[in-house]
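See below for the structure under consideration.
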Amino acid sequence: MDAPAAVTRTHCPYCALQCGMELRVDSGVPDGADDGINNGTTNGASDGAGNGTRLRVSGWDKFPVNGGALCQKGATATELLAPASRLTSPLIRRSRDAELEAATWDEALDFAAARMSAIAAGHGRDAVGIFGGGGLTHEKAYSLGKFARVVLQTPHIDYNGRFCMSAAAAASQRAFGVDRGLPFPLADVAQTDVILLVGSNLADTMPPALRYFTTQRENGGRLIVVDPRRTRTAEQADLHLQPVPGTDAALAAGLLHVLIAEHLLDEEFIAARTNGFEEVRAEALRWWPERVEAVCGVPAGDVRAAARLFAGADGSGKPARPTTGMVLTARGTEQQADGADAVNAWINLTLAAGKAGRPYCGYGAITGQGNGQGGREHGQKADQLPGYRKITDPAAREHVARVWGVDADSLPGPGRPAVELLASCGTDIRALLVAGSNPVVSAPDAQFVTSRLAALEFLAVCDVVMSETAALADVVFPVTQWAEEAGTMTNLEGRVLLRRKAVDPPEGVRSDLEVLGGLADRLGRPGFLTSPPEIFEELARASAGGVADYSGLSYARLDAASEGPGLHWPCPAPNHPGVPRMFLDAFGTPDGRARFVAVGHEPAVEEPCAEYPYRLTTGRVLAQYQSGAQTRRVPSLNAAAPGPYVQLHPDLAAAVGVSEGDPVRVTSRRGSAVGAALINDLIRPDTVFMPFHWGGAGRANSVTRRTTDPVSGMPAFKTAAVRVEVAR
Ligand SMILES: Nc1nc2c(c(=O)[nH]1)N[C@H]1C(S)=C(S)[C@@H](COP(=O)(O)OP(=O)(O)OC[C@H]3O[C@@H](n4cnc5c(=O)[nH]c(N)nc54)[C@H](O)[C@@H]3O)O[C@H]1N2
Ligand SMILES: Nc1nc2c(c(=O)[nH]1)N[C@H]1C(S)=C(S)[C@@H](COP(=O)(O)OP(=O)(O)OC[C@H]3O[C@@H](n4cnc5c(=O)[nH]c(N)nc54)[C@H](O)[C@@H]3O)O[C@H]1N2
Ligand SMILES: [Mo]
């Protein structure tokens, strides 16, 4: 029998659910002693995590969000702790055409610091930038922001969260004065009468969350899904609307039109709790269902049915039943050239129906990355200081500068959003440090982005694996990841979590925090904090008084709260219980009222034409994660999702002469990508879909465009005009 294994309760390295998991370290178990259980996985004995240990993962039953459930990615996550798939030595490229070669930590840190200071001295501090990630812990994201402002003294820091939920964040701020992805616990979903789920395929992207939607329907609730594809999520719906990609704002206005025309507005709520409806009403009157059908391709009858269902009406002309309802959005509606406006159009609908500001009601955005929520709160964003404060706000600058022990005047102003930051690499930005992102695969118009990274004078990358972006770097720092370090995260519900360390990292690997500390020492700012609890304590103080106030939180409190209802920010005092449900009494605006935002319907900017007659939309598959840097290194995930594909309708396949499995080339004005044909009628005939998880010839982002939403900086990942043909 195995000796009793030590158990560590921690959280998954992947998405924003942050499923609780238990890791058991079994020492000295012989290789191949796997129990064959699907939810358990093992590392190879001698090349396993740390010092010849094996790690077994299972769901953590008492953590409420996933209640013990894990998806295939989470269940295999420990495979990536093995040194065999890892970077375990710093690497240096000593001259432009040299290969990367192993170096000591001192050499790599000396080299990087010398290059960064030479570039800052020669071209100004603004010539150095940072690109971070929404998967990083609070301690890392906060430290990157502080490092940029205090050590490098550059305004140029932004991160991949700009690609993720930024449009919904901007829309929520406009409407509610606060952006907390879900302003209620995920479990509330199960108690809600009607849910409108827009541009989310959570059956594949957050499988353990699906159970709340299943329970909702078992409780008699109804689900409406809006997606151009009939996904596994759309299969669950009572009503599925399949719009032309990029037309969500018009569709939302159409639903609102029906509420107005059929007297289904909640006039009392509008009068008591909101501002600005009149302008929105005038705009919605221009979107009668038949016009919506012409623009969005959704039958007018379905537009009416969806609006009635959402309002709690049966179409008989009788007043609506008093029902609860939620609108939830994800990347389908947000990653658009009008992403923020489209989200505000959905929020307008939510407010007009009175489905906000009370229990089991509200608008929520389904955050994506592990710390997607927290990663946008504490200063990793170009325009932001910790506590979700504006870097342009003099009071915020004073407060944070005091915590950092610097003069407020020394803090730079706002930098550029991610797409602009990457585009200015090789011109005014000459050195870049990347941590927690793989933009060579995941950034829009990736060919262009790759050329900008190649034009830098100096690129440093911190990663756990040799990503496509790390392969371009002049210095690569091999870093620790989730189970190898302590850290905190905030999940999609604003629940702040403690990730506990389960194993020692492989030899030769250091934390991102130690990389920043080592660079700070060499750049003349010794004493940069590297211990996660100390950094969290400072972050909590820096956030005090901000919108995302963490000042009442500590490692000890988070540790103690980990199996209960949890601690949701804001939490401004050590005895404050946190706020699981926001907006019950007042919204986060100065007058406490929610704001209707008048938005038009902007067409997709790049409309199909004779040369590029179809639309491409992009997204995810269950068994791969993001740029694939992690999941493409796990054999069982590759077996489940082996490579890029192009999903197309049988009519479109026939029109372009493509058969199942053929290599299909999808070409836009930027470039092309090839994937195997997957032909089915689950997608609109005018639209093709590609997942974006692969680099090389199958890279969907060779085709996507750099156009961004002017409000949020979100790229339009989900619509491009393309040509489709068999690849010869
Ligand atoms: N397996 C897996 N899970 C993940 C991730 C992963 O990479 N893999 N990534 C995580 C992250 S960071 C994120 S952000 C989330 C993303 O989670 P989701 O938003 O659920 O994922 P996507 O597949 O990008 O997009 C969702 C759906 O939007 C639809 N869509 C496309 N165009 C439109 C449109 O114009 N309007 C509407 N209404 N819908 C449209 C697509 O068909 C797709 O089914 O997933 C998280 N979870
Ligand atoms: N076409 C298209 N493109 C998209 C999207 C889409 O829907 N369509 N979605 C966009 C969205 S929502 C997102 S979130 C982005 C994500 O795209 P990326 O920003 O590329 O995200 P990941 O692939 O998760 O990259 C994270 C990197 O960090 C590394 N890493 C993991 N843990 C750590 C750590 O602790 N420290 C450090 N330094 N590194 C670590 C991983 O190995 C990996 O290389 O992609 C965007 N791109
Ligand atoms: Mo994301």
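Whatever order the structure lists them in is the order used to number ligands and atoms, beginning at 1.
Counting the atoms of ligand 2 from 1 in the order shown, those under 4.0 Å from a heavy atom of Ala629 are 43 (C), 44 (O). Counting the atoms of ligand 2 from 1 in the order shown, those under 4.0 Å from a heavy atom of Val479 are 36 (N), 37 (C), 38 (N). Less than 4.0 angstrom separates some heavy atom of Thr480 from each of these atoms of ligand 2: 35 (O). Near Cys462, meaning under 4.0 Å from any of its heavy atoms, are these atoms of ligand 2: 37 (C), 38 (N), 39 (N).
Within the 4.5 Å cutoff, the side chain of Phe477 has no heavy atoms near those of the Leu87 side chain.
Taking the six-membered ring where the residue is Trp, Phe692 and Phe717 present parallel rings, their angle staying beneath 30° rather than reaching 60°. Ring-plane geometry between His378 and His138 is classed as perpendicular, the angle between the planes exceeding 60 degrees on a 0 to 90 degree scale with a lower cut at 30.
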Taking it one step at a time, do Thr530 and Glu514 satisfy side-chain hydrogen bond (donor to acceptor under 3.5 Å, both in side chains)?
CA-CA 6 Å; Thr530 57; Glu514 292 170 275; over 6 Å; no
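Note on ligand 2: Met690 sits outside its first shell, no heavy atom being nearer than 4.0 Å. Using a non-hydrogen distance threshold of 4.0 Å, Val441 does not register as a contact of ligand 2.
A cation-pi arrangement, defined by a distance under 6.0 Å to the six-membered ring centre and an angle within 45 degrees of its axis, is absent between Lys381 and Tyr159.
Contacts with ligand 2 closer than 4.0 Å are made by heavy atoms of both the backbone and the side chain of Asn438. Contacts between Ala700 and ligand 2, counted as non-hydrogen atom pairs separated by less than 4.0 Å, are absent for every part of the residue.
Residues with a heavy atom under 4.0 Å from ligand 1: Cys15, Lys73, Cys164, Val198, Gly199, Ser200, Asn201, Asp204, Thr205, Val226, Asp227, Pro228, Arg229, Thr231, Pro245, Gly246, Asp248, Ala330, Arg331, Gly332, Gln336, Gly368, Gln369, Thr617, Gly619, Arg620, Val621, Leu622, Gln624, Tyr625, Gln626, His693, Lys718.
Taking the six-membered ring wherever Trp is involved, the centroid distance between the rings of Trp287 and His601 falls below 6.0 Å.
In this structure, CG on Leu197 lies 10.0 Å from CD1 on Ile224, to the nearest 0.5 angstrom. Taken to the nearest 0.5 Å, the CE atom of Met21 stands 9.0 Å off from the CZ atom of Arg499.
Using modelled atom types and a 3.5 Å distance limit, the side chains of Arg632 and Gln624 yield no donor-acceptor pair.
For Thr333, the side chain to side chain donor-acceptor pair (under 3.5 Å) partners two or more places apart in sequence, or in a different chain, are Asp248, Trp346.
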